[in-house]
Asks: 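The structure under discussion is supplied below as structure tokens; questions concerning it will follow.
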Number of protein chains: 2
Amino acid sequence: METRELRYFVAVAEELHFGRAAQRLGIAQPPLSRAIRQLERRLGVTLLERDSRSVALTAAGSVLLREGRAALDAVAAAGRRTRRAGQAADGGAGLVLTTKAGASSELLAKLLDAYAAEPDAVPVEVLLCGIGEQERLLRDGRADVALLHLPFDSTTGLDSEELVTEQQVAILPAGHPLARLPHLRTADLETLPDLPMPRWPRPDGSYPPGPGPGVRDPAQLLQLIALGRTVAVLPESARSLLLADLTAVPVPDAPAVTTVIAWPPHSRSRALAALVRTATRL
Amino acid sequence: METRELRYFVAVAEELHFGRAAQRLGIAQPPLSRAIRQLERRLGVTLLERDSRSVALTAAGSVLLREGRAALDAVAAAGRRTRRAGQAADGGAGLVLTTKAGASSELLAKLLDAYAAEPDAVPVEVLLCGIGEQERLLRDGRADVALLHLPFDSTTGLDSEELVTEQQVAILPAGHPLARLPHLRTADLETLPDLPMPRWPRPDGSYPPGPGPGVRDPAQLLQLIALGRTVAVLPESARSLLLADLTAVPVPDAPAVTTVIAWPPHSRSRALAALVRTATRL
DNA sequence: GCGATCGATACCCAGGCGGTATCGCCGCGG
DNA sequence: CCGCGGCGATACCGCCTGGGTATCGATCGC
């Protein structure tokens, strides 16, 4: 199976429409139809149910969608990591670390400082991204290592080490009635008519319905809280990012958040190993 | 990057010889040279140092060798799993479980029996293999789930659940002087002139040097012990496989062996989940 | 029943991939 | 010192296949 065929199939499976998929791929529709048919013949499996009016995935098709995406990511990762390894000799960035914008900033600063002081440290590029994007960045080679936050992120398929665990606090406008209480419960916050809880993206990237604003990362969220549009429960370390007129109130019954450093399995880079060692020693 | 290019590069990187690689790939040498050059141009990286007398990998080349193998496995897995998903409708095997030949046979029998009794169990094919091959089988889609043995196997990049932990015993000819002792230490066994320890394959498939016989799996090993050629330290459950004239003696200072059930991350199959659940309940 | 939409088919063209022949370089042996 | 052999690179050629255009056939909405 060639990656071209996989790319074509993934496009059709995502669009469920040959015309749009062809447009996205920058080719005409007939060659796309042909390529998919040929792929089905070679696999001996029908991947799509064409109803002359609509296209639907078969069970085998959804397997190929999931596995094909993973395979395409692996191919992309191979290319990117090779390119970077070749340019590393010319003084390119040594490691790419990704974290959610606005999360673990103190920890990250300490980590970068401590690592830079190591004897043979390489340059570290920081790649800020939104919720749920980090795993993808690791898998397709755009990043080498990530700071994740359990239980929100998942580490399946990654190697990881735990760094710190913190309780969560509610971030509220200073003048809000709840801001005076010594602590809150999650239930207190979920139904505030004036401050609806924000909506985070689901694993597939879509947002659940609801009244609150959709946010991509904690930095965005803090902006919205400062504007008095929402309220949030965040790890204690978010206190350091607190803007004026905001207060943090402990929420003991919210799950504790563990920050972990994670990387793709089988990464055998000395620089990465040194960074992880530095992180666990903080 | 197309999988064809990756296959070509991996072949050359493994053979370090364009002619042999071309022969292995079933093509002539010139197109292979061209393809590699083109790949290097597109990546903007030299992958191989050609010395007109020998071929060597650059740093970037060894990155691409490792990542490319992983990517090719992922592509192969996508094809195989899709094919199997398509044929499952026609009553093909539902799950492929792999374990080392001769290991955990009692546990495996219990697991298969218990799972078969579940309400919506699917057929399970058992794929016996040698040491170190299981991870590959999971990654390239030839197997869905494996029984691994820590600390010998690695679960990096896999999801897993622990099943049982056992102490190890030495397997000796019944007449051997050491067979009468109540227990042994590993040091006692490593330097027996009449019974050299077996040699297991290293992660890359080669065998370390030494006097003992090279073995691929415990079943093979038990044969050799029965022939009086070697001695081995195996988990207690190997007692059930003991042939005539062999004795098992506890070795308390050998590391405990934990049998785990492992599967590729992101496998979202109901049948697999049911099998894992059954296993953890044993 | 008619038009619009969408996937499939027919046909054509060209780029690319693979094959053969050959070159250039280097190490080795006589 | 020269010739030979091995190996990767280059030159050139032919075919296969991937992509484009035109068109068909089926189906749904009006």
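Computed from a prediction, not measured in an experiment: that's the story for all the values here. Convention: sequence-line order gives letters A, B, ...; per-chain numbering from 1.
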Asks: Among side-chain atoms of Glu2(B) and Thr3(A), is any donor-acceptor pair under 3.5 angstrom?
Replies: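 Looking only at side-chain atoms, Thr3(A) and Glu2(B) do form a donor-acceptor pair, the distance falling under 3.5 Å.
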
Asks: Atom CD of Gln38(B) and atom P of dG18(C): how far apart are they, to the nearest Å?
Replies: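 My rounded result for the distance is 10 Å.
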
Asks: Look at all strands and tell whether Arg4(B) reaches a base, only sugar-phosphate, or nothing, counting heavy atoms closer than 4.0 Å.
Replies: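 Sugar-phosphate contact only - Arg4(B) comes under 4.0 Å of backbone atoms but never of a base.
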
Asks: Between Glu135(B) and His266(A), do the side chains contain an N or O donor and an N or O acceptor separated by less than 3.5 Å?
Replies: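 The answer is yes; a qualifying pair exists.
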
Asks: Check the side chains of Ser269(A) and Ser267(A) for a donor-acceptor pair under 3.5 angstrom, ignoring hydrogens and angles.
Replies: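 No.
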
Asks: Closer than 4.0 angstrom, basic N to acidic O: yes or no for Glu40(B) and Arg50(B)?
Replies: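 Judged by the 4.0 Å cut-off on N to carboxylate O distance, Glu40(B) and Arg50(B) do form a salt bridge.
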
Asks: Given atom CD1 of Ile36(A) and atom P of dA8(C), what is their separation to the nearest angstrom?
Replies: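 After rounding, the gap between these two atoms is 9 Å.
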
Asks: Nearest whole Å is fine: how far is dG16(C) P from Glu2(A) CD?
Replies: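 It works out to 15 Å between those atoms.
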
Asks: Does a side-chain N or O from Ser33(A) land closer than 4.0 Å to OP1 or OP2 of dG7(C), or not?
Replies: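 No, outside the criterion.
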
Asks: So, Asp120(A) and Arg270(A), do they make that salt bridge, N to O below 4.0 Å?
Replies: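 The answer is no: the pair does not qualify as a salt bridge.
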
Asks: Between the side chain of Glu133(B) and the main-chain N/O of Gly130(B), is any donor-acceptor distance below 3.5 Å?
Replies: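 Pair found, side chain donor or acceptor close to backbone of Gly130(B).
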
Asks: Is it possible for you to check whether Arg4(B) lies under 6.0 Å from the centre of the six-membered ring of Tyr8(B), through NZ or CZ, and within 45° of that ring's axis?
Replies: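 Yes, Arg4(B) and Tyr8(B) form such a contact.
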
Asks: In whole Å, I'd like the distance from the CG atom of Leu32(A) to the P atom of dA8(C).
Replies: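 Roughly 9 Å, once rounded to whole Å.
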
Asks: Tell me which residues in residues 7-31 of chain B lie within less than 4.0 Å of DNA chain C, going by non-hydrogen atoms.
Replies: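 Tyr8(B), Gly26(B), Ile27(B), Ala28(B), Pro30(B), Pro31(B) - these, ordered by number, are the residues of the stretch whose heavy atoms sit under 4.0 Å from the strand.
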
Asks: For Asp51(B) and dG27(C), give me the distance from atom CG to atom P, rounded to whole Å.
Replies: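 Interatomic distance, CG of Asp51(B) to P of dG27(C): 7 Å.
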
Asks: Can you pull the contact range of chain B along DNA chain D, 5' to 3', using atoms under 4.0 angstrom from its heavy atoms?
Replies: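 From 5' to 3', the first and last contacting nucleotides are dG5(D) to dC12(D).
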
Asks: Which of these passes side chain to side chain donor-acceptor pair (under 3.5 Å) with Gln134(A): Arg142(A), Lys100(A), Arg139(A)?
Replies: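 Of Arg142(A), Lys100(A), Arg139(A), side chain to side chain donor-acceptor pair (under 3.5 Å) with Gln134(A) is met by Lys100(A) alone.
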
Asks: Tell me: CZ of Arg37(B) to C1' of dG18(C), nearest whole Å?
Replies: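 To the nearest whole Å, that distance equals 18 Å.
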
Asks: Taking atom P of dG7(C) as reference, at what distance in whole Å does atom CD of Glu49(A) sit?
Replies: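 Glu49(A) atom CD is separated from dG7(C) atom P by 14 Å.
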
Asks: Would one find more than 12 heavy atoms of other residues, nucleotides or ligands at under 6.0 Å from atom CZ of Arg80(B)?
Replies: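 Correct, the count exceeds 12.
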
